[in-house]
Amino acid sequence: MQQRTLGRTGRSVSVIGLGTWQLGADWGAVTEADALAVLDASAEAGVTFFDTADVYGDGRSETIVGRFKAAHPDAGITVATKMGRRVDQVPENYTLANFRQWLDRSRSNLRVDTIDLVQLHCPPTPVYSNDEVFDALDQLVSEQVIANYGVSVETAAEALTAIARPNVATVQIILNAFRLKPLDEVLPAAKAAGVGIIARVPLASGLLTGRYTKDTTFPENDHRNFNRHGEAFDVGETFSGVDFETGVAAAQEFADAVARLREEWKIENHALLTPAKAALAWVAQQAGVSTVIPGARNADQALSNAAAASVPELGPEFNARVRDIYDRRFRAVIHDKW
């Protein structure tokens with residue numbers, strides 16, 4: 001597994017990481033045994049970066065990750081969590097006192113004294129320009145409550161504001177073949193500043209696996225059902241904000257592009273280059289990306305995700321096909337939103 005430096009943290013992490021939103025059971029039910037199997041399979045495959053949040057299952061994901069890391073102290077795993085979404089989303093709630101309270105809970109869940117990386121969890125836009133917020137985070141670093149801090153953002157503009165902050169170590173942003181805007185300015189700015197980029201939603205909530213049809217349904221407690229139009233949180237987090245039926249059609253075009261690549265590479269075993277692996281590899285191969293954090297509901301998915309790190313360079317022709325799909329189907333609708 002290729003390792004890259006995670007921005008200003010200075011830590012080496014796997015280019016394919018693991019997002020653990022699913023382990024909080026917010027994508028349908030996932031048993032604790034299955035959750036631990038995902039973590040074990042990922043670690044065995046060389047994954048050394050786990051991303052979680054205090055709201056994933058109201059702490060369930062953090063607790064499971066903490067249990068696993070405590071049982072595998074020599075696995076070299078970096079754990080990033082997020083904070084800020086357990087309260088009303090107003091700038092006034094982003095205070096040192098609240099940070100202490102939230103982080104004490106996360107440290108207990110994760111079974112650590114110092115959290116490797118904490119990220120503000122898509123806070124209100126004014127937070128990014130508030131010096132007191134970042135002074136508070138610096139204070140927590142000095143007290144060794146956290147080792148480093150970053151932000152998880154919804155928009156490119158928020159990312160650019162955060163990158164300009166001297167002690168922001170990482171920016172987490174949605175980046176996939178259906179969300180290309182970060183390529184314009186965010187990735188170049190982050191690379192120039194030495195800020196790490198954590199690419200989330202790399203499969204567009206599963207669209208890019210090519211397994212969905214317009215008739216696919218999801219469980220009642222799955223955000224791909226209850227947040228399809230932004231009913232619970234930013235719609236950009238679900239299917240990257242694209243219309244589901246349009247996304248399904250675009251995913252078929254993406255799968256066709258992968259099939260064409262298999263023919264060009266003379267790959268007869270389709271499992272060696274699935275649409276999902278190609279989609280993850282495409283993100284990982286963008287200049288400036290530190291790690292990509294697909295989720296997994298079971299060990300087989302975790303192993304398949306990790307295998308994307310071994311996909312060779314997809315090449316300029318494939319990249320051009322990706323951009324063509326985006327330009328025709330999504331650019332006019334979503335490019336200016338995030």
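Predicted model, so just to flag it, every value in this text is computed and none were measured.
A donor atom on one side chain and an acceptor atom on the other are found under 3.5 Å apart for E62 and T81. In this structure, a donor-acceptor pair under 3.5 Å is absent between the side chains of R105 and Q101. Between the side chains of Q301 and N305, no donor-acceptor pair of N or O atoms lies under 3.5 Å. For the residue pair Q172/D51, the side-chain donor-acceptor check at 3.5 Å is satisfied. Remark: the T170 side chain and the R8 side chain contain no N/O donor-acceptor pair separated by less than 3.5 Å. Using modelled atom types, one finds no donor on one side chain facing an acceptor on the other under 3.5 Å when comparing E245 with Y212. For the 3.5 Å distance criterion, the side chains of T125 and E158 qualify, holding a donor opposite an acceptor.
R262 places a side-chain N or O within 3.5 Å of a backbone atom of L273 that can act as its donor or acceptor partner. Without hydrogens or angle criteria, S240 side chain to G236 main chain gives no donor-acceptor distance under 3.5 Å. Listed for the T20 side chain is no donor-acceptor partner under 3.5 Å among the backbone atoms of L23. Checking side-chain atoms of S61 against main-chain N and O of G57 turns up no donor-acceptor pair under 3.5 Å. Without hydrogens or angle criteria, S142 side chain to Q139 main chain gives a donor-acceptor distance under 3.5 Å.
Exactly one of N167, I146, N148 qualifies for a side chain to side chain contact (heavy atoms under 4.5 Å, CB included) with V141. That residue is I146. The ring-ring contact (aromatic ring centres under 6.0 Å, His included) with H223 is formed by just one residue from the set F218, Y56, W21; it is W21.
The side-chain contact (heavy atoms from CB on, under 4.5 Å) check on P126 picks up P91, P124, with sequence neighbours excluded. Under the ring-ring contact (aromatic ring centres under 6.0 Å, His included) criterion, Y149 pairs with no residue, sequence neighbours left out. Considering only residues two or more places apart in sequence or on other chains, Y128 meets the ring-ring contact (aromatic ring centres under 6.0 Å, His included) condition with none of them.
The ring-ring contact (aromatic ring centres under 6.0 Å, His included) analysis of residues 292-338, with sequence neighbours excluded, yields the pairs F178-F330, F254-F318, Y326-H335.
Here L303 sits alone; no ILVMFWY side chain lies under 4.5 Å from its own, so it joins no hydrophobic cluster. V201 belongs to a hydrophobic cluster with I174, counting contacts under 4.5 Å between side-chain heavy atoms of Ile, Leu, Val, Met, Phe, Trp and Tyr, direct or through other members.
Salt bridge D324/R329: absent, no basic N to carboxylate O contact under 4.0 Å. In summary, R11 and D116 engage in a salt bridge, as defined by a charged side-chain N under 4.0 Å from a carboxylate O. Electrostatic pairing of E253 and R328 counts as a salt bridge here, judged by a charged N lying under 4.0 Å from a carboxylate O. We find that R100 and E143 are joined by a salt bridge, their nearest charged nitrogen and carboxylate oxygen being less than 4.0 Å apart. Taking the charged nitrogens against the carboxylate oxygens, E185 and K191 have no contact shorter than 4.0 Å, which rules out a salt bridge. Salt bridge annotation for R86-D58: present, with a cationic side-chain nitrogen under 4.0 angstrom from a carboxylate oxygen.
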